[in-house]
Protein chains: 2
Amino acid sequence: MKETKKRTFTCGLDAAIAVMGGKWKGLILFALQDGPLRFGELRRAVPGISERVLILQLREMETTGLLHREVYHQVPPKVEYSLTPFGHSLNTAMAPLGEWGEEHLERIETIPWDQTG
Amino acid sequence: MKETKKRTFTCGLDAAIAVMGGKWKGLILFALQDGPLRFGELRRAVPGISERVLILQLREMETTGLLHREVYHQVPPKVEYSLTPFGHSLNTAMAPLGEWGEEHLERIETIPWDQTG
DNA sequence: GCTCATACTTACATTCGTGTATGTACCTGG
DNA sequence: CCAGGTACATACACGAATGTAAGTATGAGC
């Protein structure tokens, strides 16, 4: 999802995928939908993600304007991440996709992913 | 999007992203929503995709059950791709995402993608 | 016999995404 | 003085995803 130039998109879906694409961003958005979370809380809320990748994703999403980063100058440090209105709107737009996934979860899990290459 | 083992998902959104993830599958689904297309037509309908990548994506989507491949034994060869009901349902679920992208297209295009790394 | 068109296949190269392991800064508490 | 906790940064590496370029098969038409 990293680009060296200003992108142009063929359609809205293309643009949306560029913003929420990748394995984690959708899950991060969903984790934050009920309110702000600290870095450590987010890491626990998104099982399987590594610290490094989580940071990279958060940075990207901050740059794209999906979320807000609030630093509290304390020791030990405290940083809270929350959705911007932009992020909320994307979350709303992704909701049907999440429902679709849940509806067809069984079918999706039985897909022979190792035969797709 | 290729996996060596049977996957399990943390939520529906995770599963949905695994199915429609990547740069192209969403666009291919959208291109096919109005009816079947031949390989060459699809290539023109999805600007920027290479033949090889298009084939790989189509193979994957056939395996996941999103689309159907119909071969006509002619010369020159003719192959038509069409959405299955499963593919149609995913397409419907992605529609709000496409609308969101179009609504915010200007904002998305001005995102400094090269500063996200 | 040569070219054309379509729908691929194959070989190779490159970039991207993701992951592991380790180090850093800061103050607190023992 | 040393360990602990938080939120990172940095170095390194692997495999997946994507791309480029070329070749294949078939029969039609000239």
Side-chain angles (χ1 to χ4, degrees), chain A residues 1-5 7 10 14 17-28 36-64 67-82 113-117, chain B residues 1-5 7 10 14 17-28 36-64 67-82 113-117:
Chain A
M1 301 304 130
K2 181 169 47 180
E3 307 293 329
T4 23
K5 287 185 173 186
R7 293 199 46 172
T10 53
D14 191 11
I17 290 178
V19 172
M20 54 74 73
K23 203 168 154 186
W24 301 110
K25 296 203 189 67
L27 298 175
I28 294 173
L37 289 178
R38 300 182 57 175
F39 180 81
E41 292 171 329
L42 256 180
R43 190 159 44 108
R44 285 185 288 273
V46 185
I49 198 169
S50 69
E51 287 197 351
R52 175 185 138 81
V53 172
L54 179 55
I55 290 177
L56 291 178
Q57 300 291 312
L58 291 173
R59 288 266 184 280
E60 266 191 59
M61 293 166 74
E62 200 190 342
T63 302
T64 55
L67 49 82
H68 173 71
R69 180 165 174 268
E70 185 78 36
V71 182
Y72 298 83
H73 292 287
Q74 306 174 353
V75 170
K78 172 181 175 182
V79 180
E80 267 192 357
Y81 294 89
S82 57
W113 295 99
D114 46 353
Q115 290 175 26
T116 53
Chain B
M1 299 304 130
K2 181 169 46 179
E3 308 292 330
T4 21
K5 287 185 174 186
R7 291 198 49 173
T10 53
D14 192 11
I17 291 178
V19 172
M20 53 73 74
K23 204 170 156 185
W24 301 111
K25 295 203 189 69
L27 298 175
I28 294 173
L37 289 179
R38 301 182 55 176
F39 179 81
E41 293 171 329
L42 256 178
R43 189 158 47 107
R44 286 185 288 274
V46 184
I49 198 170
S50 69
E51 288 197 351
R52 175 185 136 82
V53 172
L54 179 54
I55 290 176
L56 290 177
Q57 300 291 312
L58 291 173
R59 288 266 186 280
E60 266 190 59
M61 294 166 73
E62 200 190 342
T63 302
T64 56
L67 50 81
H68 173 71
R69 181 166 174 267
E70 185 77 37
V71 182
Y72 298 82
H73 293 287
Q74 306 173 351
V75 170
K78 172 180 173 180
V79 181
E80 268 192 355
Y81 295 89
S82 57
W113 295 98
D114 45 355
Q115 290 175 25
T116 51

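Convention: sequence-line order gives letters A, B, ...; per-chain numbering from 1.
- When the P atom of D:dA16 is taken as reference, atom CD of B:E60 falls 12 Å away, rounded to whole Å.
- Across B:L54 and B:I49, no two heavy atoms sit closer than the pair CA-CD1, 3.6 Å.
- Checked against C:dT18, D:dT20, D:dT18, the side chain of B:V53 finds its nearest nucleotide in D:dT18.
- Residue-level contact check: B:R52 touches the bases, meaning some heavy atom is under 4.0 Å from a base atom.
- What separates CD of A:E51 from C1' of D:dA11 is a distance of 16 Å, to the nearest Å.
- Checked against D:dA7, C:dT6, D:dT18, the side chain of B:R38 finds its nearest nucleotide in C:dT6.
- Between B:L58 atom CG and C:dT6 atom P there is a gap of 16 Å when expressed in whole angstrom units.
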Enumerate, atom names and distances included, each donor-acceptor pair closer than 3.5 Å involving a side-chain atom of residues 39-47 of chain A, sequence neighbours excluded.
from  : atom 1 : to    : atom 2 : distance (Å)
A:E41 : OE1    : A:R38 : N      : 2.7

Contacts table for residues 68-75 of chain B: side-chain donor-acceptor under 3.5 angstrom, sequence neighbours left out:
from  : atom 1 : to    : atom 2 : distance (Å)
B:H68 : NE2    : B:E70 : OE1    : 2.8
B:R69 : NE     : B:Y81 : OH     : 3.3
B:Y72 : OH     : B:E80 : OE1    : 3.3

Stepwise, does the side-chain contact (heavy atoms from CB on, under 4.5 Å) test hold for B:M20 with A:I17? CA-CA 10 Å; B:M20 53 73 74; A:I17 290 178; 4.1 Å; yes

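- Expressed to the nearest 0.5 Å, how far CG of A:L27 lies from CG of B:D14 amounts to 5.0 Å.
- DNA chain C is contacted by B:P76, B:P77, B:K78, B:V79, B:Y81 of residues 73-81 of chain B, taking any non-hydrogen atom closer than 4.0 Å.
- Picking from D:dC8, D:dT20, C:dC8 the nucleotide with the shortest atom distance to the side chain of B:S50 gives D:dT20.
- In this structure, A:E62 CD and A:T64 OG1 are separated by 9.0 Å, a value rounded to the nearest 0.5 Å.
- Protein atom CZ of B:R44 is 12 Å distant from nucleotide atom C1' of C:dA7, rounded to whole Å.
- Nucleotide D:dT10 holds its P atom 10 Å from the CZ atom of A:R59, rounded to whole Å.
- We find that CG of A:L27 is positioned 11 Å from P of C:dT18, with the value rounded to whole Å.
- Ranking C:dG19, D:dG19, D:dC8 by closeness to the B:K23 side chain, first place goes to D:dG19.
- To the nearest 0.5 Å, atoms NZ (A:K23) and CD1 (A:I28) are separated by 12.0 Å.
- The distance between atom CD of B:Q57 and atom C1' of C:dC8, rounded to the nearest whole Å, is 16 Å.
- Separating the CZ atom of A:R43 from the P atom of C:dT18 is a distance of 18 Å, rounded to the nearest angstrom.
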